[in-house]
Amino acid sequence: MNFKVTRKAILIGCPGTGRNYLSAVGYDLQNVKNFLLSNRGGRWFDNEIITLDNPTISTALNIIQATIADYVIVYFSGHGWANNSNEKFLCLKDGDVEDLLLLSQSPRQNIFVDACRKIPLHVISGLPEEDKYLHADGYYPAREQFDKYILNSPVGQTIIHATAHDTEAFASQTGSYFTEALLNVCYSVKTENYYPWEISDVLSLVSIDLAKRGSLQIPAITYKTGNLQIPIAFGFVNPAIKNMPKTGIKAMRKRYIIKTKSSNDGLALLGIGLLIFAAESSK
């Protein structure tokens, strides 16, 4: 391979505390990491993945802004909410931040948010492990293919939420439904030719998986700039979902947080201002 591509993934889990604690979050982080390390997910290296367990606002935002690469994924699992203006907030250890603050100066970026978007506030919420094959020569065809897509993709940034505006997302004790469905779809079809699955193709199948689980939540792309063309997974041209787990409605749980306003509106607004300033300065 005669090209050098840099990639980074930041996995953020904020389970909350007390009666609002989400046991699913820990499973989500490990399952997403397992997916990224697999051939199906593009064969990331362990040192390219940063896991933040219940970080503070300053820790999370500082790491996000300092992590610049050709392609960056940010994944969040935890509590979230939305206001009447359809602004979307994520609950970190010491306060709430708008989802736009997960964007950085990296030219290609995908953000996945598995959290509620309920007004005024509610919740969220990983999956079959794939065998990890070790290659003595350090060559991984899946990784090379994924690097080529990163190198050839136009710049762009996308934010994907687990559910629609003013709706909650669901979780079981061992994983959140959106993350489980997303990974299940990505794992569902065996592949030999590394056909790229775009996020728009995958989301329609994720909705089907969620419906089979008894969840009515509908994933949505809430923010998009540029024309990012990096696959979320490798699969066949005509994927078909088979043998999906049929988690019944009885297993679903909604979580509610008693809250009247963002616990950190000031920091969120300051961060947005800095983000806008950085974007304008780069033009």
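- Ring geometry, Tyr177 versus Phe170: the interplanar angle falls from 30° to 60°, so the pair is classed tilted.
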Test side chain to side chain contact (heavy atoms under 4.5 Å, CB included) on Glu168 and Thr163; report intermediate values, then the result.
CA-CA 7 Å; Glu168 55 263 356; Thr163 191; over 6 Å; no
Audit row: Phe76, Phe112, ring-ring contact (aromatic ring centres under 6.0 Å, His included) steps and yes/no
CA-CA 6 Å; Phe76 176 87; Phe112 296 87; over 10 Å; no
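- Here the side chain of Ser85 pairs no donor or acceptor atom with the backbone of Glu87 at under 3.5 angstrom.
- Using a 4.5 Å cut-off between side-chain heavy atoms of Ile, Leu, Val, Met, Phe, Trp and Tyr, with links allowed through other members, Leu90 and Ile50 fall into the same hydrophobic cluster.
- In summary, the side chains of Ser104 and Gln65 do not present any donor paired with an acceptor at a separation below 3.5 Å, with no hydrogens or angles considered.
- With hydrogens and angles disregarded, a donor-acceptor distance shorter than 3.5 Å links the side chain of Asn152 to the backbone of Lys148.
- Annotation: cation-pi pair Arg143/Trp44 absent, no NZ/CZ under 6.0 Å from the ring centroid and within 45° of its normal.
- Note on Lys118 versus Asp166: salt bridge recorded, some NZ/NE/NH1/NH2 to OD/OE distance being below 4.0 Å.
- Among pairs with a residue in residues 51-72, none fulfils salt bridge (Lys or Arg N to Asp or Glu O under 4.0 Å), at least two apart in sequence or across chains.
- Residues passing the salt bridge (Lys or Arg N to Asp or Glu O under 4.0 Å) test with Glu198, sequence neighbours excluded: none.
- Asp94 and Thr56 form no side-chain donor-acceptor contact under 3.5 Å, judged by distance and modelled atom types alone.
- His161 and Asp99 are linked by a side-chain donor-acceptor pair at a separation below 3.5 angstrom, with hydrogens and angles left out of the test.
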